[in-house]
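Throughout, numbering of the chain's residues begins at 1 and tracks the sequence. Just the heavy atoms: all of them, side chains too, but no hydrogens, waters or symmetry mates, feed the values below. Model, not experiment: these values are computed from the prediction.
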Amino acid sequence: MKGKQVARYGMLVALACVFGFVESMIPIQIGVPGVKLGLANLVTMVSLYTISLSGTLFVAVVRVLLTGLTFGGMSAMLYSMAGCILSLLFMIPAKKSGKFSMVGVSILGGVGHNIGQMTMAMLVLQNTSIRYYFFVLMIAGTVSGFLIGVMGGLIVKRIVKIIK
């Protein structure tokens with residue numbers, strides 16, 4: 001990895017960690033436990049469209065590890081990592097296909113993230129009855145994915161000329 005890439009990846013990881021911390025400090029109560037916008041995922045979206053796929057994976061995984069160790073704990077890190085990996089497994093092929101806009105890719109990522117977390121919760125709790133929460137999480141993932149995709153699109157349009 002070249003020095004410029006290391007600096008860029010480091011900046012993206014730091015920004016995602018700051019976004020995650022800031023979001024954890026915002027007292028948003030929408031009546032649905034565990035639902036949040038996912039501001040740190042904004043960095044993942046921007047990464048997906050501005051750096052390599054391996055770089056995006058690196059940034060996302062390191063962000064989950066650092067925020068888990070710093071602000072969450074092992075269980076939070078486990079859920080976040082499951083969501084992160086499944087989200088990327090949804091977004092990367094969607095982006096590569098060229099059939100989805102950034103908003104569409106982001107919505108798939110939001111839904112994938114929630115599926116990953118729900119699956120991990122069912123495994124950890126050894127309880128499949130929480131699957132009834134799935135519908136609520138799909139709506140939340142779609143809404144947050146839409147919002148992150150719109151914001152990501154605006155950011156990428158403005159910075160792509162600067163960072164390439």
Check your understanding: Hey, mind stepping through Tyr49 and Val105 against side chain to side chain contact (heavy atoms under 4.5 Å, CB included) and telling me if it holds?
Key -> CA-CA 11 Å; Tyr49 283 85; Val105 169; 3.3 Å; yes

Compare all side-chain heavy atoms of [X] with those of [Y] and state whether any distance is below 4.5 angstrom.
{"X": "Ile51", "Y": "Phe58", "value": "no"}
{"X": "Tyr9", "Y": "Ser52", "value": "yes"}
{"X": "Met81", "Y": "Leu65", "value": "yes"}
{"X": "Leu57", "Y": "Leu53", "value": "no"}
{"X": "Met138", "Y": "Ile115", "value": "yes"}
{"X": "Val61", "Y": "Ile85", "value": "yes"}
{"X": "Ser129", "Y": "Met122", "value": "no"}
{"X": "Thr44", "Y": "Leu88", "value": "yes"}

[atom1] of [X] to [atom2] of [Y]: how many Å apart, nearest 0.5 Å?
{"X": "His113", "Y": "Ser144", "atom1": "NE2", "atom2": "OG", "result": "8.5 Å"}
{"X": "Arg63", "Y": "Asn41", "atom1": "CZ", "atom2": "CG", "result": "5.0 Å"}
{"X": "Leu39", "Y": "Leu15", "atom1": "CG", "atom2": "CG", "result": "10.0 Å"}
{"X": "Thr128", "Y": "Phe134", "atom1": "OG1", "atom2": "CZ", "result": "13.5 Å"}
{"X": "Met91", "Y": "Met102", "atom1": "CE", "atom2": "CE", "result": "10.5 Å"}
{"X": "Ser97", "Y": "Ile92", "atom1": "OG", "atom2": "CD1", "result": "12.5 Å"}

Taking all heavy atoms of [X] and all of [Y], pick out the closest pair and write down the distance.
{"X": "Gly149", "Y": "Ser106", "result": "N-OG, 3.2 Å"}
{"X": "Ala94", "Y": "Leu108", "result": "CB-CD1, 3.5 Å"}
{"X": "Cys17", "Y": "Phe71", "result": "O-CE1, 4.3 Å"}
{"X": "Ala40", "Y": "Gly20", "result": "CB-N, 4.1 Å"}
{"X": "Phe146", "Y": "Val103", "result": "CD1-CG1, 3.5 Å"}
{"X": "Gly38", "Y": "Ile148", "result": "O-CD1, 3.5 Å"}

Review point. Mind checking whether Tyr132 and Val124 sit in one hydrophobic cluster, side chains of I, L, V, M, F, W, Y counted as touching below 4.5 Å?
Key: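 No: no chain of side-chain contacts under 4.5 Å links Tyr132 to Val124.
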
Exercise for review: Group every Ile, Leu, Val, Met, Phe, Trp and Tyr by side-chain heavy-atom contacts under 4.5 Å, then state whether Leu123 and Met118 land in the same group.
Suggested key: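 The answer is no; the residues belong to distinct hydrophobic clusters.
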
